[in-house]
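Throughout, protein chains are lettered first and strands after them, A, B, ... in sequence-line order, and every chain is numbered starting at 1.
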2 protein chains.
Amino acid sequence: MTISDVARVAGVSVATVSKVVNNRYGVSPSTAERVLAVVAELGYESSLVARSLRRQSTNVIGVLVAEFEPYSTELLKGISAAVDGTGYELLAYSGGSDGGAKAGWERRSLSRLAGTLIDAAIVVTPTMVMSEPVDIPVVAVDPHTGPEGTHTVDSDNTTGARDAVQHLLDLGHRRIAHLGGRTDLESARLRELGYRQALEAAGIAVDPHLVRIGGYRPETADTPARELLDPATGVRPTAVFAANDQSAIHVIEVAQELGLRVPEDLSVVGFDNVPESATSTPPLTTVAQPLHRMGAEALRMVLDLLEGAPREQHLRLPTSLVVRASTAPPPD
Amino acid sequence: MTISDVARVAGVSVATVSKVVNNRYGVSPSTAERVLAVVAELGYESSLVARSLRRQSTNVIGVLVAEFEPYSTELLKGISAAVDGTGYELLAYSGGSDGGAKAGWERRSLSRLAGTLIDAAIVVTPTMVMSEPVDIPVVAVDPHTGPEGTHTVDSDNTTGARDAVQHLLDLGHRRIAHLGGRTDLESARLRELGYRQALEAAGIAVDPHLVRIGGYRPETADTPARELLDPATGVRPTAVFAANDQSAIHVIEVAQELGLRVPEDLSVVGFDNVPESATSTPPLTTVAQPLHRMGAEALRMVLDLLEGAPREQHLRLPTSLVVRASTAPPPD
DNA sequence: CTGAAAGCGCTAACAT
DNA sequence: ATGTTAGCGCTTTCAG
């Protein structure tokens with residue numbers, strides 16, 4: 001079903017059909033009507049691909065993610081709600097499958113889609129500096145290098161992390177471990193920073209054995225979580241602050257597998273407040289990022305960029321602590 | 001950054017570059033090496049659009065949704081996890097914005113993407129019969145007309161709904177309302193059927209005043225929810241079985257706004273078990289659909305179709321009741 | 001082994 | 001008002 005089919009059936013040239021479906025001047029009402037009838041009859045819809053190859057603008061915003069997991073899909077919900085009524089459509093592309101291991105997926109995806117398929121892009125947790133700028137507006141959410149280079153939207157990771165650890169300190173914990181995030185992400189660095197700041201402020205030295213890299217994903221968090229909770233490794237922490245909810249939930253599962261009760265024997269705090277954090281057993285205490293709002297703001301920003309409106313290069317939103325049932329005073 | 005740029009810098013023709021990047025025969029090792037070096041240096045990545053216009057296959061599976069809300073994103077998580085390691089990439093397209101009101105979005109989106117951009121499609125809650133079959137494999141999740149025509153994946157809506165209502169009956173409820181779903185979706189029809197069956201089996205006549213159309217969305221559910229709970233409309237129900245979680249959560253909000261306590265004054269049951277159902281206050285009792293698995297199965301099915309493997313046309317997965325805190329015996 | 005040329009579906013100048 | 005033509009970036013015969 002191509003434009004040629006329509007042209008043939010309607011007895012006109014493809015150019016005329018193109019003009020009609022794009023409301024261009026220079027076509028008689030009668031022909032336009034006839035063409036429109038054929039379009040409706042055949043159910044013709046112009047190919048996004050062919051059109052975008054020829055045109056400069058497609059009216060679609062790309063959302064580039066490594067994979068569709070709780071974090072990116074929450075963002076997506078916010079973006080989707082915000083795009084409503086703007087006339088733009090959304091195209092979410094996951095080009096970094098295979099365990100999220102393929103570094104540089106965002107540059108690849110951007111090259112593949114930009115310039116043609118999408119007018120602008122929101123890229124979620126890019127792992128690299130977007131050195132060579134593409135020709136379309138790009139907003140990064142939770143970027144690699146933190147505020148610098150491209151436009152970004154993120155939340156106050158340091159303060160959020162400090163609040164999380166302070167909550168554990170207030171409960172009486174002293175041996176607090178940190179299961180870090182992805183070393184290539186600024187957010188992970190800042191959360192660890194907040195962890196260290198909170199401990200220092202409380203006059204507690206950071207025990208290097210209690211700080212591990214969890215990688216943000218359940219699979220990558222498994223080994224470090226076991227090491228942290230293994231009695232053979234040293235004195236077990238009474239609490240774990242994990243760098244995100246997915247790894248925090250995995251810590252709970254590992255703990256329970258090891259016969260530890262949460263929160264009686266071990267307190268666990270996460271980060272993000274994805275909906276899944278409320279469904280774990282016990283429900284997870286976590287630092288909430290305003291993910292829907294972050295998505296909406298990223299969309300707003302990329303739209304402004306598209307229209308040439310001036311924008312601050314960075315937007316940082318506040319976090320808030322959500323206390324649920326995975327934290328309690330330490331044993332003894 | 002196009003193939004011509006690479007060709008120029010490498011001092012070869014575009015045809016040669018194309019052969020190199022696609023591992024075609026007939027290129028001397030030395031040229032290939034030189035081209036590859038330029039590709040790496042320039043960070044060239046072939047345009048998905050241009051390539052797909054010329055080729056027949058793109059190795060990307062399309063997921064067509066009206067919007068990114070809790071239901072479709074849960075499916076997406078399952079699809080995303082299942083695509084990992086298959087070599088395919090995912091492109092989720094939301095073409096039905098503007099309140100999800102634009103009927104026929106799935107046909108439009110399919111026409112725009114099929115044949116070029118995507119090799120196959122999973123379409124989520126299509127509102128129309130996909131009469132004119134496109135030339136690519138399509139699997140529908142929770143379709144309009146129920147098992148018929150295209151390949152489908154869904155869950156046992158009738159049994160699930162019966163279980164939900166039976167749970168309320170077991171608690172002692174007799175005046176049980178139903179806030180229905182989207183009339184254009186088979187799932188909504190079947191859930192209402194289950195509701196009626198359960199009441200009939202218990203010897204309770206269905207009160208027409210207690211059955212309203214909620215449309216699956218918070219906005220569309222608002223008015224019918226208020227009518228259901230308005231004392232002026234008649235004797236208030238002691239329980240509401242909503243056709244999905246989003247509208248059930250909205251019922252809880254409306255009830256609380258009206259000064260009703262959930263579950264003391266009003267019990268509420270939802271359907272789907274999206275993660276959000278656990279975060280409402282109180283947490284929602286609901287019928288769980290295996291959404292991740294449904295997404296994974298839909299992907300598996302569409303991949304089999306792509307490879308010409310024979311498949312049953314319909315796959316129906318079981319539901320299960322998840323009892324949380326939004327249900328209790330009726331007042332008095 | 002390499003390049004010239006055609007063509008995928010469409011739009012935009014430019015004729016007629 | 002309509003049609004012809006070129007060309008978007010790429011792959012693929014087909015000559016050289």
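Side-chain atoms of A:R54 stay outside donor-acceptor range of the base of C:dG9, with no qualifying N/O pair under 3.5 Å.
A:Y25 comes within 4.0 angstrom of no nucleic acid atom, judged by non-hydrogen atoms across all strands. Residue B:V49 is out of contact with every strand shown, counting any heavy-atom pair closer than 4.0 Å. If you check every strand for non-hydrogen atoms under 4.0 Å, B:S18 touches a base. Counting any heavy atom pair closer than 4.0 Å across all strands shown, A:T31 reaches sugar-phosphate atoms only and no base atom.
A sub-4.0 Å separation between OP1 or OP2 of C:dG9 and a side-chain N or O of A:S4 is absent. Contact annotation: B:T16 reaches the phosphate of C:dG3 (side-chain N/O to OP1 or OP2, under 4.0 Å). A close approach under 4.0 Å does occur between a side-chain nitrogen or oxygen of B:R24 and OP1 or OP2 of D:dT12. Side-chain N/O atoms of A:S13 include none lying less than 4.0 angstrom from OP1 or OP2 on D:dT4.
Minimum atom distance to the side chain of A:R55 is reached by C:dT11, of the listed C:dG3, C:dT11, C:dC10. Of the candidates D:dT2, D:dC10, D:dG3, D:dG3 carries the atom nearest the A:A15 side chain, counting heavy atoms from C-beta on. Relative to the side chain of B:S46, the nucleotides D:dC10, C:dG9, C:dG3 differ in distance, and D:dC10 lies closest. Listed nucleotides D:dT4, C:dG9, C:dG3 differ in distance to A:I3; the shortest reach to its side chain belongs to C:dG9.
Summarising the geometry, atom CD belonging to B:Q289 is positioned 8.0 Å from atom CG belonging to B:D154; distances are rounded to the nearest 0.5 Å. To the nearest 0.5 Å, atom CG of residue B:L185 and atom CG of residue B:N244 are 10.0 Å apart.
A residue-by-residue look at B:A50 and B:K19 shows that B:A50 has its nearest nucleotide of DNA chain D further toward the 5' end. Nearest-nucleotide mapping onto DNA chain C: of B:S28 and B:T116, the residue sitting toward the 5' end is B:S28.
What separates CG of B:N59 from P of D:dT11 is a distance of 13 Å, to the nearest Å. Rounded to whole Å, atom P of D:dC10 lies 12 Å from atom CZ of B:R8. For the pair A:N23 CG and C:dT11 P, the interatomic distance rounds to 12 Å; values are reported in whole Å. Atom CD in B:E45 sits about 16 Å away from atom C1' in D:dT11, given to the nearest Å. For the pair A:L117 CG and D:dC8 C1', the interatomic distance rounds to 13 Å; values are reported in whole Å. In this structure, OH of A:Y44 is placed 7 Å from C1' of C:dG9, rounded to the nearest angstrom. A straight line from CE of B:M1 to P of D:dC10 spans 10 Å, rounded to a whole angstrom. One can place CG of B:L53 at 17 Å from P of C:dA6, the figure rounded to the nearest angstrom.
At least one side-chain heavy atom of B:L113 sits less than 4.5 Å from a side-chain heavy atom of B:L64. Side-chain contact between B:Q246 and B:Y71 is absent, with no heavy-atom pair separated by less than 4.5 Å.
B:E69 and B:S72 form a side-chain donor-acceptor contact under 3.5 Å, judged by distance and modelled atom types alone. There is no side-chain donor-acceptor pair under 3.5 Å between B:E106 and B:S109.
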